[in-house]
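Below is one structure; the comments refer to it alone.
Atoms within a ligand are numbered from 1 in the order they appear, just like the ligands themselves. As the structure is a computational prediction, the values presented were derived from the model and not from experiment.
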Amino acid sequence: MPTLNDVTRGRLLYGGDYNPEQWPEEVWAEDVALMREAGVNLVTVGVFSWARLEPRPGERDFGWLDRVLDLLHAGGVGVCLATPTASPPPWLGARHPGTLPRDETGAVVWYGSRNHFCASSPVYREHALRITADLADRYGGHPALRLWHVNNEYGTVCRCDTTARHFRAWLRRRHGDLDALNEAWGTAFWSQRYGSWAEVLPPRRTQYLPNPAQSLDFHRFTSDALLECFTAERDALRSRTPHIPVTTNFMPLSAGQDGWAWAAEEDVVSVDLYPDPGGPDGAAYGALVQDLTRSQAHGPWLLTEQAAGAVNWRGVNQPKPEGLLRLWSLQAVARGADGICFFQWRQSRQGSEKFHSAMLPHAGPRSRLFGRVRELGAELGKLGGVTGTAVPARIAVLHDWHSWWATLQPGRPSDRFTQEQPLRAWHRALWELNLTCDLAHPEADLSGYALVAVPQLYLLTDAALDNLAGHVRGGGTLVCGFFTGVADADDRIRPGGMAARLREVLGIGLVHEWWPLAEGELQHLTPLGDGQSTAALWREDAETAGATTVAAYRGGELDGRPAVTRHSFGAGTAWYLTTLPDPAALRALLGRAAGEAGLRPPLPGLPAGVEAVRRGGLLFLLNHGRDPAAVPLPAPATDLLTGRRYGRRVPLARHGAAVLRTAPPGGGDGAYA
Ligand code: GLA
């Protein structure tokens, strides 16, 4: 199978979505000239071009796209060619209303925007495949073609009658007969028993709480139904161009699809990433999405979209302050990206994204923003040697979409969190400690990891429980967060409040009751680090059965009960957190567990706010703090971006970055190993 290496060919990819159909042809030559100036080497064309390519059913208008591809090729710009199937032309919905999705009330979701298709509609699928095949036939041999981009940010949900039939077929495959379905969905509750398959529906609007197991299966089904659309298009492309890799751009940290299952079907894993430049979490959130995407790819990945400045879909949309575009782009490269692309090349003058920034903004080529884009292109041009290289990590943070979906149900002990908040808090703590981590599926091979962290996985399969036990028994460290291992694969609560197998590993007896914390409610703990420790979101009244209490609740209903425990199991160690400690306490705890497991950051004495990541013999230093910083060095090193040589310390401006060559060419890894 072709890989990302076939696209990069030793250069970091740089570019963005290019929508020439929004512009008169005179502009195209200027586009290509400016792309060259900016160091652009890959653009994604045709993402939303279906209505232009097929103006009337069955007609084809490829002439304009021929000219675009030829122009790009002549300018030395490679093409990531998109199948336009995320936004069918209005004629498809008007002629075939069954291609349009329906919401939980049965209302049609109309054309006039985008993503208006029902993944189960055979008519949609047939039209999508036809235009895909025609594109591949026409452009499969074009010299500019480097990568296929299928659809765009899959995620549309439909609950129409066609979907209902498709859902039933999926359920038959998962559960077998109706008795098994009734059993798995717990339909003895509230008289929900199904007597025939025809009665079974996607979750639709109900009077009161819907059946959670039905909703969970519908999430699974929707992910699979959309994946069928992707793989059908991918196969149509592969059969015509087996040498060209195929991707589809994921939404970042999105609950929509099973990201593990999807990534396994792609040649290149890619993601869109839009951290909020105005918020406090942008860099930490970016690092999490990047680590997740690299882990999905099992190696280098592609940043398909980021914003050069502001987006237009938050309440208040702030641009990126000077230096931030460069800093966040280098962060992605540090964490495994082999390409940095944007939405979009030229800012649209019309349509609902005319206030979304672009590489070439309304202010034009003389704008400050385009200046930054040009500088970034030049700098990325110096980092080609990093392509294809790994990001070493000895920590795995477990993440699973099925468990996430199960925590999206109403009727839980607390609606103040889903899986996302504990995941973000734990990953942030590891990121602040400069302990690089992968993310992993709970049933994945964990043998390469010294420490496995489970921020919160409510649903764990029997195989996952065995996997965790095996990791600790074999000498690994497990740090496990609250409300984990509570349910089985059908969202059935396991006796004892947590799977017995996990309690054995953690040295925990019963989990007597869950005691969630209300908004603003403060729970004190015995200290976990320096100073006072507090906790938020959640508490559990859990009893130890072999584990040692490391920290206890102080005050409140659970005064004296265990908040954090530690247990020796087999040759390893298992920690359990019955709550979410405050950031400093969580950092102290994870730092301690990692230290005991022999894990250290890449450099000692890193100032707060400075991220340090190793990749491909390079050390990336990224200053996310509000102030300038200085990083002490154990040995002199050269910054690849500026050519500057540093002795004992590297000064970093606010939003500053340096990429140090830590190994002398041809030599060992020297003092930075
Ligand atoms: C997504 C889409 C793009 C564009 C951007 C705007 O990532 O894929 O087409 O709408 O959002 O941020």
Side-chain angles (χ1 to χ4, degrees), residues 13 15-23 42-52 80-89 109 111-117 147-157 226 229-230 233 246-257 259 262 266 268-279 282 285-286 289-290 292-293 301-320 324-325 328-329 332 337 339-362 369 373:
L13 302 169
D17 283 14
Y18 179 39
N19 297 303
E21 68 271 35
Q22 294 177 16
W23 297 91
L42 186 82
V43 291
T44 302
V45 182
V47 180
F48 296 112
S49 302
W50 196 345
R52 179 76 192 261
C80 168
L81 190 56
T83 70
T85 53
S87 192
V109 179
Y111 48 84
S113 176
R114 68 178 192 194
N115 299 83
H116 46 279
F117 64 88
L147 178 65
W148 288 113
H149 174 297
V150 171
N151 202 281
N152 192 69
E153 294 192 339
Y154 275 104
T156 307
V157 180
L226 287 165
C229 293
F230 168 74
E233 289 191 34
V246 183
T247 191
T248 181
N249 53 334
F250 291 146
M251 281 182 265
L253 203 63
S254 154
Q257 277 79 249
W262 275 68
E266 293 183 283
V268 169
V269 177
S270 65
V271 76
D272 302 339
L273 177 55
Y274 295 96
D276 184 0
Y285 168 72
V289 171
Q290 292 154 10
L292 175 58
T293 311
W301 52 279
L302 177 61
L303 179 62
T304 18
E305 293 180 21
Q306 66 168 344
V311 299
N312 72 326
W313 39 259
R314 293 195 171 95
V316 173
N317 299 293
Q318 298 189 334
K320 291 179 173 163
L324 197 62
L325 173 62
W328 284 359
S329 301
I340 301 294
C341 298
F342 294 77
F343 174 81
Q344 60 177 325
W345 163 252
R346 190 187 274 270
Q347 192 165 21
S348 302
R349 291 186 60 200
Q350 292 177 289
S352 56
E353 295 187 318
K354 58 186 180 293
F355 292 113
H356 193 293
S357 63
M359 299 172 86
L360 185 58
H362 296 310
L369 199 153
V373 164

Quiz item: Under 3.5 Å, is there a donor-acceptor pair linking the side chains of Thr85 and Asn151?
Solution: yes
Quiz item: Do Phe250 and Leu292 come close enough that some side-chain heavy atom pair is under 4.5 Å?
Solution: no
Practice problem: Can you sort out which atoms of ligand 1 are near Phe48, meaning under 4.0 Å from one of its heavy atoms? | Solution: 9 (O)
Quiz item: Can you check whether His356's main-chain N or O pairs, donor with acceptor, with Gln347's side chain at less than 3.5 Å?
Solution: yes
Quiz item: Looking only at heavy atoms, is any part of Gln306 under 4.0 Å from ligand 1, and if so is it the side chain, the backbone, or both, or is it neither?
Solution: neither
Practice problem: Report the part of His356 (side chain from C-beta onward, or backbone N, CA, C, O) that has a heavy atom under 4.0 Å from ligand 1; answer both or neither where that applies. | Solution: side chain
Quiz item: For atom 9 (O) of ligand 1, what is the nearest protein heavy atom, given as residue, atom name and distance?
Solution: Arg114 NH1, 3.0 Å
Self-check item: Heavy-atom nearest neighbour in the protein, as seen from atom 7 (O) of ligand 1, with distance rounded to 0.1 Å
Solution: Glu305 OE1, 2.3 Å
Exercise. Return the residue, atom name and 0.1 Å-rounded distance of the protein heavy atom closest to atom 10 (O) of ligand 1.
Key: Glu353 OE2, 2.4 Å
Quiz item: Closer than 4.0 angstrom: is that true for some heavy atom of Met251 and an atom of ligand 1?
Solution: no
Quiz item: Would you call Val150 and Thr247 a side-chain contact if the rule is heavy atoms closer than 4.5 Å?
Solution: no
Self-check item: Candidate pair Tyr285 and Asp276, rule side-chain contact (heavy atoms from CB on, under 4.5 Å), full reasoning
Solution: CA-CA 9 Å; Tyr285 168 72; Asp276 184 0; over 6 Å; no
